[in-house]
Structures are given as C-alpha cells and as structure tokens.
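To start, the structure under review is shown below, and the notes come after it.
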Amino acid sequence: QVYLVDSGGRTVQTGGSLRLSCSASGRSDFTWYTMGWFRQALGKEREFVSADAANNGGQYYGALVKGRFTILRDSAKNTWYLEMNNVKPEDTAVYYCAALRFRTYHGGTDYYRWATSYEHWGQGTQVTVSS
C-alpha cells in the first residue's frame, strides 16, 4: 500500500510564496509513479494543479498556475514539492497530493490531469491566501 502525507499549507499574503510537501512511503522505488497535485476550493470541484510524470516523463501544470507554481521531485527522499510563488486569493483551497502507478494504457494520453486516474491520495493541506 502506498501512503502519502502532504503538508506545508498555511496562511500567506497575496504575492507571497510557500512550499507544499508530499512524502510517499510503501514502495522502495517510485520511478514508475506519477505524482500529482490537485486543489479543491470550498463549494468547487477538485482541480488539477500540477503533475510530475513517471520515469522522467515531464512536468505539467494547470492553466491557472502555469508560470507561478513548480513541481519538484526528490527521488532520494521519495518526496515531492509544490513551490508556489506570487500566490493569489483564488489559490485558496485544500491541496492534495496524489499518486498513480504508470501503466501502458496511460501512454499518449493526458491521464495525469484527471483525478480519477489516481490511486492514492494524501489527506490534504489548507492554503489560504489573504488579500
């Protein structure tokens, strides 16, 4: 079983920065796992934020965060980070990390954008951006 623990959420002012962390356990090697970040604001649907695709398959971002957020992977620590810069009030949400084991049928698709693709989820961490 894969376990994910996400952390780092806090209240930050508009224009500020923060870093979220997602620590994974349950496997000795996460090379073939895609890690994603999603967020859900109050009363809204869960939204794709970013993904780090398995086996160095690239990094991907949602349109609303591209150019401001960066996803990073520390393979030695089985930890992923979401660097959030120039945050805005509309970034306020609960942020979740998620993981899936890449399989052949994922190839050639944008599977990483869909929450339903992911098999494992963290508990969520609250980010609040004050104006």
Side-chain angles (χ1 to χ4, degrees):
Q1 179 69 359
V2 172
Y3 297 95
L4 304 176
V5 178
D6 39 33
S7 62
R10 59 180 175 88
T11 298
V12 59
Q13 289 189 333
T14 297
S17 299
L18 75 164
R19 185 176 76 170
L20 305 183
S21 300
C22 178
S23 178
S25 62
R27 296 287 185 273
S28 59
D29 184 359
F30 283 89
T31 299
W32 284 99
Y33 278 79
T34 291
M35 183 65 66
W37 285 98
F38 289 78
R39 68 186 182 186
Q40 189 165 16
L42 195 63
K44 295 188 177 182
E45 294 186 354
R46 194 163 294 192
E47 175 189 23
F48 170 72
V49 176
S50 181
D52 181 62
N55 197 33
N56 297 313
Q59 293 76 45
Y60 303 91
Y61 299 92
L64 297 178
V65 308
K66 195 170 185 179
R68 299 188 297 123
F69 293 7
T70 302
I71 190 168
L72 302 168
R73 179 190 292 234
D74 186 337
S75 297
K77 297 181 178 179
N78 289 336
T79 300
W80 284 258
Y81 304 97
L82 184 68
E83 296 274 355
M84 304 169 62
N85 296 311
N86 189 25
V87 296
K88 305 175 181 180
E90 50 265 41
D91 294 322
T92 295
V94 178
Y95 283 72
Y96 299 88
C97 66
L100 67 88
R101 175 64 165 85
F102 181 85
R103 291 176 172 82
T104 303
Y105 59 79
H106 288 131
T109 74
D110 57 353
Y111 68 93
Y112 48 83
R113 294 185 176 276
W114 308 108
T116 52
S117 297
Y118 291 82
E119 301 158 318
H120 312 283
W121 290 85
Q123 80 283 4
T125 186
Q126 175 72 47
V127 173
T128 302
V129 182
S130 61
S131 57

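Everything numeric in this text was worked out from a predicted model, so none of it was measured.
Counting only distance, with no hydrogens or angles, the side chain of Y118 and the backbone of Y112 share a donor-acceptor pair below 3.5 Å. Looking only at distances, no side-chain donor or acceptor of R73 sits under 3.5 Å from a matching main-chain atom of I71. Between the S117 side chain and the Y111 main chain, a donor and an acceptor come within less than 3.5 Å of each other. A side-chain donor-acceptor contact under 3.5 Å links E119 to the backbone of R101.
Contact annotation: the side chain of T14 approaches that of P89 to within less than 4.5 Å [non-hydrogen atoms, C-beta and beyond]. Proximity of Y81 to T70: side-chain heavy atoms (C-beta onward) are nowhere separated by under 4.5 Å. Using a 4.5 Å heavy-atom threshold, the side chains of L18 and R10 count as touching. When side chains are defined from C-beta on, M84 does not count as touching V12, because their heavy atoms never get closer than 4.5 Å. The side-chain heavy atoms of L82 and R39, taken from C-beta on, include no pair separated by under 4.5 Å. With contacts defined as side-chain heavy-atom distances shorter than 4.5 Å, the pair H106/T34 does not qualify.
Aromatic pair Y60/F48: ring centres not closer than 6.0 Å.
In this structure, R46 fails the cation-pi test against F38, since its NZ or CZ atom is not both closer than 6.0 Å to the six-membered ring centre and inside 45 degrees of the ring normal. The cationic group of R27 does not satisfy the cation-pi geometry with Y33, failing either the under 6.0 Å distance to the six-membered ring centre or the 45° limit from the ring axis.
With hydrophobic clusters built from ILVMFWY side chains whose heavy atoms lie under 4.5 angstrom apart, V65 shares a cluster with V87.
Counting non-hydrogen atoms of neighbouring residues, nucleotides and ligands closer than 6.0 angstrom, the CD atom of E45 reaches no more than 12 such neighbours.
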Listing, residues 121-131 side-chain donor-acceptor contacts under 3.5 Å, not counting sequence neighbours, or none:
residue	atom	partner	partner atom	Å
Q123	OE1	D6	N	3.4
Q123	NE2	D6	O	2.7
Q123	NE2	D6	OD1	3.2
T125	OG1	G9	N	2.9
Q126	NE2	A93	O	3.4
Q126	NE2	T128	OG1	3.4

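Here the rule is side-chain contact (heavy atoms from CB on, under 4.5 Å) with F69, and of V49, N86, N85 only V49 fits it.
T31 and N55 are not linked by any side-chain donor-acceptor pair at a separation below 3.5 angstrom, with hydrogens and angles left out of the test.
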Take Y96 and L4 through the side chain to side chain contact (heavy atoms under 4.5 Å, CB included) test and state the conclusion after the steps. CA-CA 9 Å; Y96 299 88; L4 304 176; over 6 Å; no
Stepwise, does the side chain to side chain contact (heavy atoms under 4.5 Å, CB included) test hold for L20 with W80? CA-CA 8 Å; L20 305 183; W80 284 258; over 6 Å; no
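In this structure, NZ in K77 is found 10.0 Å from OG in S23, a value given to the nearest 0.5 Å. Note that OG of S25 is 10.5 Å distant from NE2 of H120, once rounded to the nearest 0.5 Å.
R68 and L64 make their closest contact through NH2-O, 2.8 Å (heavy atoms, listed as atom of the first residue, atom of the second, distance). Nearest heavy atom pair, residue M35 against residue C22, reads SD-SG, 4.0 Å.
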